[in-house]
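Naming: A, B, ... by sequence-line order, numbering from 1 per chain.
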2 protein chains.
Amino acid sequence: SKTAWDFLPDGWTTEIVDQEGSSKPGETVFRQSDETLRKVTFPADFKPITQLESARLGIVTPEMKRVAERESHLTAEQVRDEVASGRMVIPANRVHLEHQLDPMCIGRASKTKVNANMGASPVSSGTHEEVEKLKWAEKWGADTVMDLSTGGDLDECRQAIIENSRVPIGTVPIYSMIIGRKLYDLNLDIILDSLRHQAAQGVDYFTIHAGVLQEHLQYVKDRLIGIVSRGGSLLAKWMIDHGEQNPMYTGWEQICEVMREYDVTFSIGDGLRPGGLADATDQAQLAELSTLGELTERAWRKGVQVMIEGPGHVPFDQIEYNMKLERQLCHGAPFYVLGPLVTDIFPGYDHITSCIGATSAAYHGASMLCYVTPKEHLGLPKKDDVKQGCIAYKIAAHSADVALGIPGTRDRDDELTKARAALNWEKHFELSFDPDTARAYHDEDLDVDT
Amino acid sequence: SKTAWDFLPDGWTTEIVDQEGSSKPGETVFRQSDETLRKVTFPADFKPITQLESARLGIVTPEMKRVAERESHLTAEQVRDEVASGRMVIPANRVHLEHQLDPMCIGRASKTKVNANMGASPVSSGTHEEVEKLKWAEKWGADTVMDLSTGGDLDECRQAIIENSRVPIGTVPIYSMIIGRKLYDLNLDIILDSLRHQAAQGVDYFTIHAGVLQEHLQYVKDRLIGIVSRGGSLLAKWMIDHGEQNPMYTGWEQICEVMREYDVTFSIGDGLRPGGLADATDQAQLAELSTLGELTERAWRKGVQVMIEGPGHVPFDQIEYNMKLERQLCHGAPFYVLGPLVTDIFPGYDHITSCIGATSAAYHGASMLCYVTPKEHLGLPKKDDVKQGCIAYKIAAHSADVALGIPGTRDRDDELTKARAALNWEKHFELSFDPDTARAYHDEDLDVDT
């Protein structure tokens, strides 16, 4: 199977060699973490900007070192090699690194990560409340946060979130591209300007729905619920109105150049993700996934880090297949999935219906799980919804890591089991993910300490 | 692989034949739902009592007919044949049938079932409150209910629950056997008297921990949390104190005779189930599971219906193996599992940690899921805990049924998806499992109807 090494920029070559080389300009030989020696040739005037580019040159960046500290089962060299292969990303905008960003990674060799969505809307919430939700999500274990604001002062809110966050921040830039403008008037220049502006603010990853193509739209007709991705449906409408191809697809290389400049990571959006069990794993979804593979290759050739967004709503029996197909078509680029929900009839409990799917997804290969709160499909999450969503997804991520046998991940479970066996309630609470809640339940009936 | 047909009582034979037979005493030939003809010979004076015995004679009972109405993808003859093979049980005590019991089945050919535990304790709750919890559990979809009372007036509470329930009632009779008595004084006569008493009251299934043997106890020593099953630890202590084998194991055939008289179904307990991830799938658990297979064979030879209880706490990657091993060792007897929890560090959220495991368990072969409430490990469930536990488990059961492709199970999901696509909020709520909760979340921010 292929990796990012198979999709180097023009003018680059690589091979596994037997001997350490002398260091000539435009050539490097370095020892990989599997002890093999890799030789890479590249244009002599090349200067690496992104983590992927550094990794390709054998450079261990400070961010890779920090990631290795946080993933105690990995060395910095292993992190570098995973990044070089495209199987891991370190979403760390150079601007955000100057604020409080604590570098982290997303990839199957590391622990499973959780993303929390938030954002102001035209009718609710504001910058202050969103920063509070950010802090709250960090407290409850979110590894990244997406600012999906669609109303209020988007720029101010985004800036405040970036300045206050220790975790990487993602956005869906098309949301702000259409503020104060007709969708019809969107074009590549506006897209690039908007991306450049948000990249300069310090956003760490962008969801770009470049995989929704004109030729995919025919497959949407037979669906029960059409296109549910907001970005996907905006671009579908644009293509229909213009009779032209998705400008994010045709302009992909120019977009890559903006991304590279700040080392913004792609989260290539699945604009045709299914909106219900009935539409899962259908031709629309699979055709787009194949295009996401092509976009991955093109991004890697431009030196940009890539992860891939995935469904959504998937029956439990189809999850493993979905994970394996992504791994194959996108050459191991980290898969970032939204749940998936494994049933549709429990609105109000979709943090639960989806964390079931998320556990299976992570076990079968997803690297990051986008949380779903109890408010999903019903309204915008408030502070407690954010907490409930985070906790359900920490459960999914941790359970998958234990099942995958990532070293050390079960230690706390075992300590808690021992505390339980010893009837040591205080230690039991301390080792709990949410000690206050555990204590409160216990104190409800203090007399039945059996 | 073997079925209950391989474990007929002494003096019985069966074979697949080519021709319909004349009906002689002690012989019957009937057409099975797969169109083959089965001939069964049996003692001429035999009168069937249990559903299993009727099924073996080709008789479709009124209870099987009712079950087929409730499982619209199955015919009454298919139900009969599943019962005859031992892969399905219909827990319907003849006494309970005279009250309000609405017959249901548990088996992998039918929809996944959910059990809710309740029961009074020495320090909390009473008969009235438990009957209210029963009604509440029925409202939220529990298919069976276990009365695990350990305090208060056990007899009165059990009687009230049986008289008021439309669902089968299970108990763990050893809990009442030791009330007002030293554990040391327990003996087979007391066990049989107690079972006879509860059977006459109308209990539909008994958890009997007959699989915990003297020779298994050595395997418990290396565990982090020893024996967590209350029945299991009581019997282990009894065996250690007496230096004798488990009296429920040695007296199994006599116990079977009591069960048969009222058609009480066995839920053979897993007294050595693991109490934490670290102890899962260990030698103690597996040795006992093998004994549960032996007890299944012996019960089938006595004409008694059997299901098998399972863990508990199991890492996500070990669930499929556990389900397959039970199916093999217990010849397809329905597996009734407690979750399992897939992580131990989220007390207060164990309805979630365990419904993840339960979904996977049902998908891989479990027939009934014993709910876990948010109070698990912390205290006794109150009314809202019962609701939260039931809903988490209806999610697990339904998601597994959809994944297994049981005909018709996804219809409501698809209807809800269509209502969602049409932005038909009223229909969306109506099709929701908990319409009031969905509506309440939605109404929190009525203005953001997007």
Whatever's closer than 4.5 Å to a heavy atom in chain B on A/Pro374 counts as both

Given A/Ile395, A/Leu404, A/Leu416, the one with more heavy-atom pairs under 4.5 angstrom with chain B than any other is A/Ile395

Ranking B/Ala440, B/Gly276, B/Ala278, B/Pro315 by heavy-atom pairs under 4.5 Å to chain A gives rank one to B/Ala278

### Message
Before you tell me yes or no, could you show the steps for B/Lys427 and B/Glu430 under salt bridge (Lys or Arg N to Asp or Glu O under 4.0 Å), namely the whole-Å CA-CA distance, both residues' side-chain angles and the distance that decides it to 0.1 Å?
### Response
CA-CA 5 Å; B/Lys427 194 151 188 208; B/Glu430 267 169 43; over 6 Å; no

Item to complete: Answer yes or no: is there a donor N or O on one side and an acceptor on the other, between the side chain of B/Gln285 and the main chain of B/Leu272, under 3.5 Å?
Response: no

Checked A/Cys355, A/Ala422, A/Pro347, A/Ala421 vs chain B; the most non-hydrogen pairs under 4.5 Å come from A/Pro347

query: A/Asp344 side chain to A/Leu277 main-chain N or O, any donor-acceptor pair under 3.5 Å?
result: yes

The interface call for A/Arg412 against chain B, heavy-atom contacts under 4.5 Å, is both

| Short side-chain to backbone donor-acceptor contact, A/Asp279 and A/Leu224, under 3.5 Å | yes

Ranked by heavy-atom pairs below 4.5 Å to chain A, first place among B/Ile356, B/Asp413, B/Leu341 goes to B/Asp413

Cut-off 4.5 Å, heavy atoms of chain B, and the answer for A/Ile319 is neither

Applying a strict 4.5 Å limit to non-hydrogen atoms, the region of B/Arg420 in contact with chain A is both

Rounded to the nearest 0.5 angstrom, the OG1-CD1 distance for B/Thr417 and A/Ile225 is 6.0 Å

So, the part of A/His377 with a heavy atom under 4.5 Å from chain B: the answer is both

Okay, A/Asp350 and chain B: the region with an atom under 4.5 Å from a heavy atom over there is side chain

With chain B, the option among A/Ala403, A/Gly348, A/Ser432, A/Ser360 that has the most non-hydrogen atom pairs under 4.5 Å is A/Ala403

Would you call the rings of A/Phe429 and A/Trp425 parallel, tilted or perpendicular, taking 30° and 60° as the class edges? tilted

So ring-ring contact (aromatic ring centres under 6.0 Å, His included) across residues 345-365 of chain A, not counting sequence neighbours, yields A/Phe346-B/Phe433, A/Tyr363-B/Phe316

Heaviest contributor of heavy-atom pairs below 4.5 Å to chain B, chosen from A/Lys418, A/Arg410, A/Arg439, A/His428, is A/Arg410

Tested for salt bridge (Lys or Arg N to Asp or Glu O under 4.0 Å) against A/Asp282, the lone hit among A/Lys221, A/Arg273, A/Arg223 is A/Arg223

The salt bridge (charged side-chain N to carboxylate O under 4.0 Å, His left out) partners of B/Asp384 (sequence neighbours excluded) come to none

Counting heavy-atom pairs under 4.5 angstrom with chain B, the leader among A/Lys382, A/Gln318, A/Glu415 is A/Lys382

Looking only at A/Leu431, A/Ile391, A/Val402, most heavy-atom pairs under 4.5 Å shared with chain B are made by A/Ile391

